[in-house]
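No hydrogens, no waters, no symmetry mates; every other heavy atom, side chains included, goes into these values.
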Amino acid sequence: MIKIIIWLLLSILSGIAYRLGGIGKPFKSWMRDGICPLIALVALWLLVGFKSSYWWAYLLTFGLMWGALSTYWRLDEKRWGYWAHGLGISISALPIIFITGNWLGFIIRCIVLTGLITIVSKYITKDWLEEGLRGFLTIATLPLLLI
């Protein structure tokens with residue numbers, strides 16, 4: 001039960017950081033780009049544990065997620081940009097999958113997170129809710145990696 005509460009809190013914190021990074025002044029985009037990956041690492045450590053011999057995988061995951069969050073997908077955003085954003089965030093967990101070997105969970109999370117981010121971005125018109133949900137879903141879907 002305590003892990004579920006911690007998981008929910010981490011997901012909410014990620015949603016808040018994601019939104020703050022998207023507001024603009026007085027907030028900075030690094031609040032989304034840097035804090036959300038840090039929260040994801042904490043969540044991953046809760047899921048798979050910290051394996052010190054694989055420190056490079058955690059560092060790569062952090063960097064890939066930072067890159068995915070800070071990239072402006074130069075596609076038709078209304079049609080493909082949301083999809084690319086969700087897929088980019090999903091793929092950022094790839095280094096951890098090399099440690100765990102949970103390829104099925106990785107594929108499922110890629111499909112689920114990409115689809116949910118696309119739906120949320122397309123159909124929710126309140127920016128605070130849309131961005132908050134994107135950040136929330138980024139962490140909330142990480143347990144799928146255990147499948």
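Put simply, CH2 on W83 and CD1 on I119 are 14.5 Å apart, with the number rounded to the nearest 0.5 Å. Between atom NE2 of residue H85 and atom CZ of residue R134 there is a gap of 5.0 Å, rounded to the nearest 0.5 Å. To the nearest 0.5 angstrom, I117 atom CD1 is 10.0 Å from L133 atom CG. Rounded to the nearest 0.5 angstrom, L144 CG and N102 CG are separated by 11.0 Å. A distance of 9.0 Å separates CG in L142 from CG in L146, rounded to the nearest 0.5 Å. With values rounded to the nearest 0.5 angstrom, F136 atom CZ is found 11.5 Å from L129 atom CG.
The two residues A57 and I99 make their nearest non-hydrogen contact at CB-CD1, 3.4 Å. Of all non-hydrogen atoms in E130 and I124, the two that sit nearest each other are OE1-O, 3.6 Å. Of all the heavy atoms in W7 and I139, the pair that sits closest is NE1-O, 3.2 Å. When every heavy atom of E131 is checked against every heavy atom of I23, the shortest pair comes out as OE1-N, 4.5 Å. The minimum heavy-atom distance linking L145 with A93 is given by the pair CD1-CB, 3.9 Å. Residues V120 and L137 come closest through the heavy atom pair CG2-CD1, 4.0 Å.
Hydrophobic clustering (ILVMFWY, side-chain heavy atoms < 4.5 Å, transitive): L46 and L44 are in one cluster. A chain of hydrophobic side-chain contacts below 4.5 Å, direct or via other Ile, Leu, Val, Met, Phe, Trp or Tyr residues, connects I16 to L41. Following chains of ILVMFWY side-chain contacts shorter than 4.5 Å, one can reach L59 starting from I39, so the two form part of one hydrophobic cluster. Cluster annotation: V42 is connected to W55 through the hydrophobic network of ILVMFWY side chains, with a link wherever side-chain heavy atoms come within less than 4.5 Å. Under the 4.5 Å side-chain heavy-atom criterion for grouping Ile, Leu, Val, Met, Phe, Trp and Tyr, L13 is connected to I2 within one hydrophobic cluster.
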Open item on the list: Go through it in stages, so that I can follow the logic: the residues are V48 and Y58, the test is side chain to side chain contact (heavy atoms under 4.5 Å, CB included), and I'd like the CA-CA distance, side-chain angles, deciding distance and then a yes or no.
Closed with: CA-CA 11 Å; V48 300; Y58 297 100; 4.0 Å; yes

Open item on the list: Between D33 and K28, is the salt bridge (charged side-chain N to carboxylate O under 4.0 Å, His left out) condition met? List the steps.
Closed with: CA-CA 9 Å; D33 305 338; K28 304 289 185 189; over 6 Å; no

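A donor-acceptor pair shorter than 3.5 Å can be found between the side chains of R109 and T141.
A donor-acceptor pair under 3.5 Å is absent between the side-chain atoms of S14 and the main chain of L10, judged by distance alone. Listed for the T114 side chain is a donor-acceptor partner under 3.5 Å among the backbone atoms of L87. Listed for the S121 side chain is no donor-acceptor partner under 3.5 Å among the backbone atoms of T118.
Side-chain rings of F98 and W103 approach one another, their centers coming within less than 6.0 Å.
At most 12 non-hydrogen atoms from other residues, nucleotides or ligands lie less than 6.0 angstrom from OH of Y54. When the shell of 6.0 Å around CH2 of W128 is examined, it contains 12 or fewer heavy atoms from other residues, nucleotides or ligands.
Looking only at side-chain heavy atoms (C-beta outward), P37 and T61 stay at 4.5 Å or farther from each other. In this structure the side chain of L69 reaches within 4.5 angstrom of the side chain of C36, judged on heavy atoms.
If you run side-chain contact (heavy atoms from CB on, under 4.5 Å) between L8 and each of I12, I6, I5, only I12 comes through.
Geometrically, R32 engages Y18 in a cation-pi contact defined by less than 6.0 Å to the ring centre and at most 45° from the axis.
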